[in-house]
Amino acid sequence: MEVIEKIALMQEVSEKWRGDGNIISLVPTMGFLHQGHIELLRVGRQKGDRLIMSIFVNPIQFGPQEDYETYPRDAEGDLNKARSAGVDAVFMPTVKEMYPDGFQSTVRVEEITKYLCGKSRPGHFDGVTTVVAKLFSTTKPHLAIFGQKDYQQLVVIKRMVRDLNMDTGIIGVPTVREADGLAISSRNSYLSPEERSSALSLKKGLGLAKAMVAEGEKDPVKIKNAVRELILSHPFTEIDYITICDPEKLADIEIIDGPCLLALAVRVGKARLIDNAIVREN
Ligand code: PAF
């Protein structure tokens, strides 16, 4: 497995692999790999001939009060896991390599970044799309694999790729969960045992919403209120948002009469956790 820090070398390696007729898959990560990432790598390995994983904690997608400095990091453990998952190259640039002095460009997707996490994390998606565009032009992937846990991120990246005619196919992979339903996330490492059990309220909330829709409830406000009440009945929880929206446009819906997504973000202690589910398919 190659570990590459420089953009120019990564481009050269990818160009050579492409020239030899290989399909390149990319799994972009911020490291501290867990089972969710391992699943993305499994899909990437299966779909491509050469698998690249990037590890880069991207400073420009964190707000000033967010956890950039304390975001969990474990480079050595990540490299071991990448090796076991059959990664061919890890692209692991420094911040200076990605954002040298004078850097001043931003890739922005306008409309769908205004909702959900875009509301409470201003500038976050500009940071994501800018770094993902740079990762694409560096690793030149035919395919890139993202988790559906970050549902909005996946929709935003698909939009960017379509709008900018990028020739990378985007694959979304279902959320990997612990046995008790908690969506796996690097930020789960912030949870104390008591907070972890409160964090299960996110999945319970999604289950409640699905059950209400299945029983015929069409009013998103009633469903959101019930989910809010359920989550707040657990200690340490503070709701950032609960949204019922169109799964593609991400705008709130007034009545449930077609496909819809319930997405939520909840602070549990120090951790800001997100989760989502399609509560009605069609
Ligand atoms: O989902 C993530 O880990 C990050 O947002 C990504 C896509 C690697 C960009 O920094």
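When reading the values below, keep in mind they use all heavy atoms of this one structure, side chains included, and skip hydrogens, waters and symmetry mates. Both ligands and their constituent atoms are indexed starting at 1 by order of listing.
- Counting only residues at least two apart or on different chains, the ring-ring contact (aromatic ring centres under 6.0 Å, His included) pairs with a member in residues 68-96 are F62-Y68, F62-Y71.
- At a heavy-atom cutoff of 4.0 Å, ligand 1 is surrounded by P28, T29, M30, N58, Q61, V131, F146, Q153.
- Judged by distance alone, the side chain of E217 and the main-chain N or O of D219 form a donor-acceptor pair under 3.5 Å.
- Residues in residues 126-151 take part in no ring-ring contact (aromatic ring centres under 6.0 Å, His included) pair, two or more places apart or across chains.
- Checked options I253, N276, L116, I112; the residue passing with C245 is L116 (criterion: side chain to side chain contact (heavy atoms under 4.5 Å, CB included)).
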Item to check | T106 vs D126, side chain to side chain donor-acceptor pair (under 3.5 Å): CA-CA, chis, key distance, verdict | outcome: CA-CA 7 Å; T106 300; D126 289 357; 5.8 Å; no
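- Residue pairs meeting the ring-ring contact (aromatic ring centres under 6.0 Å, His included) criterion with at least one member in residues 24-55, sequence neighbours excluded, are H34-H37.
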